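These numbers were taken from a predicted model, which means no experiment stands behind them. We name chains A, B, ... by the order of the sequence lines, and we start the count at 1 in each one.
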Amino acid sequence: MAATEDDRPAAPSGEETSVLLAARRQKLERLRADGIEPFPHEYDGVVAIADVKSAHEALQDGEETEDVYRVAGRLAARRGQGKAAFLDLVDRSGRIQLHARVDVLGREAFDRLISLDLGDLIGVDGAIFRTRRGELSLRVDGWTLLAKSLRPPPEKHHGVQDVELRYRHRELDLMSSPEARDLFLTRARIVSAVRRFLDDAGFVEVETPVLQPLYGGANARPFTTHHNALDRELYLRIATELYLKRLIVGGLEKVYEIGKDFRNEGISHKHNPEFTMVEFYEAYADYEDMAERTERLVAAAADAAGYAGEIDLAPPWRRETLAGSILSRTGIDIMAATERDQLAAAMAEKGLRVPPDDTWAQLVDELVSKHVEPTLIEPTFLLDYPVELSPFAKRHRDDPRLVERFEAYVNGMEIANAFSELNDPDEQRRRFEQQRRDAEAGDEEAQPYDESFLQALEQGMPPTGGVGVGIDRLVMLLTGRRSIREVVLFPAMRD
RNA sequence: GGGCCGUUAGCUCAAUUGGCAGAGCAGGGGACUCUUAAUCCCAAGGUUGUAGGUUCGAUUCCUACACGGCCCA
């Protein structure tokens with residue numbers, strides 16, 4: 001009968017889409033009806049697929065063994081031949097081909113195996129062999145359903161391509177993309193390497209508050225939240241700096257923290273509102289010492305990541321003063337043009353854009369980010385910042401207009417920031433007062449006045465060097481990714 | 001915040017000037033004991049991001065919005 005407008009089924013809706021889901025649910029119910037538990041509790045003795053394969057690389061084409069293994073993972077593909085079938089099983093370490101044969105398994109177990117859905121999780125006992133075509137495979141002697149999958153997996157060959165879907169449902173990206181799995185395993189190795197490097201150097205890992213009565217330690221706006229029982233506002237930290245320095249006051253001497261900071265600012269390829277930072281502080285050290293530690297830490301992380309990029313990260317890195325870098329790129333001497341209008345005039349003379357409301361410090365920042373940063377491809381320390389830009393850094397021993405501070409740049413991107421830490425409490429108090437004036441003048445990123453921190457400094461803090469390294473950016477650098485969202489498992493997304 | 005691009009089946013992608021919205025994978029039925037993007041046969045799968053507008057007719061043109069990407073600030 002020819003279909004006409006009138007016999008067409010009613011316009012399909014969400015229910016129609018769920019034909020695929022209904023088929024899987026039906027299989028689930030069938031399994032239960034047949035007395036098979038679709039979600040068993042355990043499966044002991046599993047071996048990584050990569051280990052199974054590497055132990056038998058020497059097998060000849062067509063050679064069979066009775067070396068049996070137990071593997072487990074997700075069913076990724078199926079190629080049936082009627083009374084035999086090949087299936088691909090994927091675990092975190094890799095993929096292995098399974099060979100299911102009715103004469104080995106018996107009719108029932110065989111039929112049940114090949115009627116599984118792609119995406120189902122199974123465990124397999126079997127003997128390793130190499131097919132006549134040369135692929136290491138496992139002959140399925142027995143198998144167990146470990147978890148029924150009730151949703152179809154991503155496309156078998158292309159995986160998830162839609163960027164939005166990859167970010168919102170990273171599990172789909174991970175299950176379908178070995179590259180995605182490798183990336184996040186590499187990220188984990190980088191974090192481990194950072195921790196190991198600092199542990200080995202005698203640093204103590206600590207944890208300081210994420211929820212803070214007062215935020216500080218960076219120029220950024222915070223997220224605020226509310227504590228119900230205390231009925232008060234709390235802030236999510238923007239940095240760990242001030243608490244870590246209190247631990248230096250307390251005598252822990254070398255401390256570090258790896259954790260999330262939260263900054264209430266725009267999202268870009270270099271910025272996620274929550275990001276991972278390692279900060280480490282070392283008593284009796286200055287910023288020069290910290291520069292050496294930083295370049296060695298990054299080299300250690302690069303080694304752990306198997307970094308093979310074009311940029312040479314081996315120490316020692318290039319060192320350049322901030323003022324010198326601006327002078328060489330633009331011909332403007334910020335140490336000569338020390339007044340706001342002087343600098344603005346110098347910039348105008350060179351034909352550079354001058355944001356009319358910017359302060360002297362903001363103009364310097366503008367010059368650096370526009371004209372210097374993009375040129376810093378090889379790893380470079382920019383040294384000696386204007387005091388106005390650095391409320392927690394100690395004055396430069398040779399020039400009172402500067403502080404002893406560096407930012408480390410690689411591939412045009414800032415990856416670290418460090419100071420000889422300001423430990424004179426009276427000087428710190430004056431800096432806070434300046435910040436308060438900046439805030440009153442409308443600077444939303446100015447530091448709040450932190451009396452508690454000042455009291456800590458008054459107890460006496462040894463000369464100290466401190467560094468913060470952005471872990472996400474380090475991972476970007478070491479894995480060659482252009483967006484922070486690629487290296488964060490679940491990046492911030494709009495609803 | 002501005003500009004450009006994108007959004008079509010569960011997934012990956014097509015669709016001529018504005019003229020019946022297609023394919024591959026996955027899923028359903030069947031054949032197949034060395035396949036590997038397995039193959040072959042059959043059937044099914046759609047509110048084309050959302051809301052409007054123009055038109056006899058819109059996936060296609062226009063407006064707004066949402067989400068995402070790239071570039072700029």
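Nearest nucleotide to the A:Arg353 side chain, out of B:G27, B:A37, B:A73: B:A73. Of the candidates B:U33, B:G27, B:G69, B:U33 carries the atom nearest the A:Val102 side chain, counting heavy atoms from C-beta on. When distances are taken from the side chain of A:Glu155 to each of B:C11, B:A26, B:G68, the shortest belongs to B:C11. Listed candidates were B:C25, B:A73, B:C34. Nearest to the side chain of A:His99 is B:C34. With distances taken from any side-chain atom of A:Pro152 to the nucleotides B:G27, B:U12, B:A26, the minimum falls on B:A26. Closest contact between the side chain of A:Val160 and the listed nucleotides B:U12, B:C67, B:C34 involves B:U12. The listed nucleotides are B:G10, B:C13, B:G69; the one nearest the side chain of A:Gln161 is B:C13. Ranking B:G69, B:A37, B:G27 by closeness to the A:His157 side chain, first place goes to B:A37.
If you check every strand for non-hydrogen atoms under 4.0 Å, A:Glu366 touches nothing. Within 4.0 Å of A:Asp103, counting heavy atoms only, lies at least one base atom of the nucleic acid. At the heavy-atom level, A:Gly159 lies under 4.0 Å from the strands shown only through sugar-phosphate atoms. Counting any heavy atom pair closer than 4.0 Å across all strands shown, A:Arg139 reaches no nucleic acid atom. Nucleic acid contact for A:Arg485: sugar-phosphate only, since backbone atoms but no base atoms lie under 4.0 Å from a heavy atom of the residue.
Nucleotide B:G6 is matched to B:C67 when pairs are restricted to Watson-Crick or G-U wobble geometry with both distances under 3.5 angstrom. Judged by Watson-Crick or G-U wobble contacts below 3.5 Å, the nucleotide B:U47 has no partner. Applying the Watson-Crick and G-U wobble criteria (two distances, each under 3.5 Å), B:G27 pairs with nothing in any strand. Remark: B:A37 base-pairs with no nucleotide; criterion is Watson-Crick or G-U wobble with both hydrogen-bond distances under 3.5 Å. Figure legend. B:G1 is base-paired to B:C72; pairs are counted as Watson-Crick or G-U wobble with both atom distances under 3.5 Å. Pair assignment for B:G22 gives B:C13, based on Watson-Crick or G-U wobble hydrogen-bonding distances that are each under 3.5 Å. With a cut-off of 3.5 Å on both Watson-Crick or G-U wobble distances, the partner of B:U60 is given as none. Nucleotide B:C32: unpaired (no Watson-Crick or G-U wobble partner with both distances less than 3.5 Å).
When all heavy atoms of A:Ile122 and A:Leu113 are compared, the closest pair comes out as CD1-CD1, 4.1 Å.
The shortest distance between the side-chain N/O atoms of A:Arg151 and the OP1/OP2 oxygens of B:G27 is not below 4.0 Å. At B:G27, none of the side-chain N or O atoms of A:Lys156 fall inside 4.0 Å of OP1 or OP2 (strictly under the cut-off). Side-chain nitrogen and oxygen atoms of A:Arg494 include at least one within less than 4.0 Å of the OP1 or OP2 phosphate oxygen of B:G68. Within the 4.0 Å cut-off from OP1 or OP2 of B:U36, not a single side-chain nitrogen or oxygen of A:Arg130 is found.
Separation of the P atoms belonging to B:A37 and B:C25 is 13 Å when rounded to the nearest angstrom. Separation of the C1' atoms belonging to B:G28 and B:A9 is 15 Å when rounded to the nearest angstrom. Between B:A23 and B:A44, the distance separating the two P atoms is 11 Å to the nearest Å.
Mapping A:Arg132 and A:His269 onto RNA chain B by nearest heavy atom places A:Arg132 closer to the 5' end of the strand. Each of A:Ala85 and A:Leu116 was assigned the nucleotide of RNA chain B with the nearest heavy atom; the assignment lying further toward the 5' end belongs to A:Leu116.
Looking at residues 73-83 of chain A, you'll see A:Arg78, A:Arg79, A:Gly80, A:Gln81, A:Gly82, A:Lys83 sit with a heavy atom under 4.0 Å from some atom of RNA chain B.
In this structure, A:Arg70 is positioned above the aromatic face of A:Tyr43, its NZ or CZ under 6.0 Å from the six-membered ring centre and within 45° of the axis. Cation-pi geometry between A:Arg405 and A:Tyr385 is met: under 6.0 angstrom from the ring centre, within 45 degrees of the axis.
On a pure distance criterion of 3.5 Å, a polar donor-acceptor pair joins the side chain of A:Glu135 and the base of B:U36.
Taking the six-membered ring for Trp, A:Phe432 and A:Tyr449 have ring centres closer than 6.0 Å. For A:Tyr69 and A:His56, the distance between ring centers is under 6.0 angstrom.
A:Glu233 CD: more than 12 foreign heavy atoms inside a 6.0 Å radius.
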